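Position 1 is the first residue of the sequence, and the numbers go up from there. What you see is a predicted model, and the numbers here were worked out from it, not measured in a lab.
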Amino acid sequence: EDIKKVEDIVTTDFIKASIDNDKESIVLSEIKSIVIVSDGTAKLTLKQDNEADATLVCGVDQPFFIFGAGWASLFPLMTKHKYGISCRILSMGDTIMVARNKLRRQDMKTNPALIHGKDNKVIEAHIDDHETYTEG
């Protein structure tokens, strides 16, 4: 089986990996709001089909894979420097691909998506249960 560089991954790679994985599936989540916190983290409110909104707390340099579009982050230059991934700016309305534990599908908690970037550093983000943060 071929191993791709993280920057060469495309949408179909995520879908195929989800099909081949007994424990995790890919869920599409639309970004409803983005709040940048002064400690270098961000809180993203995610809308998932037929489920309560979830809040993802992550670093501002966290890369996300946008369905059909490739990598994005809130601060692409920081992401490139830290992980070696070129990406565009993450925006409200983007649809990100999130790994979810298949065995606990009814639960809003997801496993962190672990992605290896430059220098084999692990990139991860966590989703909290049913919390919603909105701008304004």
**Q** Can you list every pair that meets salt bridge (charged side-chain N to carboxylate O under 4.0 Å, His left out) and has a residue in residues 64-73, with sequence neighbours left out?
**A** none
**Q** Mind listing the closest non-hydrogen atom pair of Ile36 and Phe75 along with its distance?
**A** CD1-CE1, 3.9 Å
**Q** If every non-hydrogen atom of Thr79 is compared with every non-hydrogen atom of Asp61, which pair is closest and at what distance?
**A** OG1-O, 2.7 Å
**Q** The criterion is side chain to side chain contact (heavy atoms under 4.5 Å, CB included); which residues satisfy it with Thr41, sequence neighbours excluded?
**A** Val37, Asp39
**Q** Report the residue from Gln48, Lys47, Lys32 that forms a side chain to side chain donor-acceptor pair (under 3.5 Å) with Asp53.
**A** Lys32
**Q** Go through the side-chain N and O atoms of Thr95 and Glu30 and say whether any donor and acceptor fall under 3.5 Å apart.
**A** no
**Q** What I want to check is whether the side chains of Lys43 and Thr55 have a donor and an acceptor closer together than 3.5 Å.
**A** no
**Q** What is the minimum heavy-atom distance between Ser86 and Lys80, and which atoms define it?
**A** OG-NZ, 3.3 Å
**Q** Working to the nearest 0.5 angstrom, can you tell me the gap between Ile89 CD1 and Ser73 OG?
**A** 8.0 Å
**Q** Can you give me the closest heavy-atom contact between Ile96 and Ile31, atom names plus distance?
**A** CG2-CD1, 3.8 Å
**Q** How long is the gap from NZ on Lys82 to CG on Leu77, to the nearest 0.5 Å?
**A** 15.0 Å
**Q** CE of Met78 to SG of Cys87: how many Å apart, nearest 0.5 Å?
**A** 11.0 Å
**Q** Minimum heavy-atom separation for Ile34 to Met92, with atom names?
**A** CD1-N, 3.8 Å
**Q** Measure centre to centre between the rings of Phe64 and Trp71, then say whether the value is under 6.0 Å.
**A** no
**Q** Once rounded to the nearest 0.5 Å, what's the spacing between atom CD1 of Ile66 and atom CG of Leu90?
**A** 5.0 Å
